[in-house]
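Below, chains carry the letters A, B, ... as their sequence lines are ordered, and counting in each starts from 1.
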Amino acid sequence: GAGVSQSPSNKVTEKGKDVELRCDPISGHTALYWYRQSLGQGLEFLIYFQGNSAPDKSGLPSDRFSAERTGGSVSTLTIQRTQQEDSAVYLCASSLDSTYGYTFGSGTRLTVV
Amino acid sequence: KQEVTQIPAALSVPEGENLVLNCSFTDSAIYNLQWFRQDPGKGLTSLLLIQSSQREQTSGRLNASLDKSSGRSTLYIAASQPGDSATYLCAVSRAAGNKLTFGGGTRVLVKP
């Protein structure tokens with residue numbers, strides 16, 4: 001597609017349930033990033049995939065968070081046993097290489113009730 | 001650890017006035033710096049990307065300068081319009097393809 005696509009755009013879930021957030025990067029982009037933006041907070045790095053290299057998971061806040069990227073394209077961010085503090089906008093970005101910068105998707109707004 | 005600061009946090013100007021947004025970073029060993037715009041409830045739109053070897057980038061009414069040694073970048077928006085109202089974020093990358101470290105953003109309101 002022409003841009004980075006994220007789904008769903010909005011998700012309301014009950015505390016304790018698992019959720020999956022999806023990101024379709026721009027075709028051909030080898031790098032994919034997940035960020036989180038909480039209300040009133042800045043953007044927080046979560047995880048980074050680059051080609052076939054092991055992902056940089058240094059930003060994941062707890063072991064309830066995990067992500068995978070299948071076939072070097074689509075990525076899924078999974079949050080297990082959701083908590084209210086997980087409520088945020090989850091943003092995905094992809095990059096061909098850093099010369100061209102990063103393209104962000106519109107995000108998934110997650111609300112845990 | 002890299003820290004990025006944007007001052008002011010909010011800015012309100014009358015239409016037609018030039019905007020000056022500041023970004024500072026603590027570690028000058030950056031690979032590039034990018035300016036983004038975020039509209040309420042939306043994702044980020046890339047405005048300008050400056051490589052560490054560059055001093056400035058221009059696109060239309062937007063001009064971004066970079067002084068890597070002093071850890072500063074400035075985004076200038078000429079002849080502001082109400083449609084420029086948004087939050088502007090700067091972010092730096094430490095290495096090629098590396099994660100971005102974001103500032104807290106400057107929320108801009110351009111009054112008609």
*What about W34(A) and V112(A), same hydrophobic cluster or not, with Ile/Leu/Val/Met/Phe/Trp/Tyr joined at side-chain heavy-atom distances under 4.5 Å?*
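Yes, it is one cluster - the side chains of W34(A) and V112(A) are joined through contacts under 4.5 Å.
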*Can you get from L21(B) to L62(B) by hopping between Ile, Leu, Val, Met, Phe, Trp and Tyr side chains that sit under 4.5 Å apart?*
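Looking at the clustering, L62(B) is in the same group as L21(B).
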*asked:* Using heavy-atom distances under 4.5 Å, tell me whether E44(A) contacts chain B through its side chain, its backbone, both, or neither.
replied: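 No part of E44(A) comes within 4.5 Å of chain B.
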*Region of S58(A) in contact with chain B, defined by heavy-atom distances below 4.5 Å*: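 Contact with chain B: side chain only.
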*With a 4.5 Å cut-off on heavy-atom pairs, point out which of V4(B), L100(B), T45(B), T101(B) contacts chain A the most.*
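The option with the most such pairs is L100(B).
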*Classify the ring geometry between Y35(A) and F104(A) as parallel (under 30°), tilted (30 to 60°) or perpendicular (over 60°).*
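Geometry flag for F104(A) against Y35(A): tilted rings.
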*Give me the ring orientation class for Y33(A) and Y102(A): parallel if the planes are under 30° apart, tilted from 30 to 60°, perpendicular past 60°.*
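Judged by the thresholds at 30° and 60°, the geometry between Y33(A) and Y102(A) is perpendicular.
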*With a 4.5 angstrom heavy-atom cut-off, which part of L89(B) approaches chain A: side chain, backbone, both or neither?*
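Side chain only.
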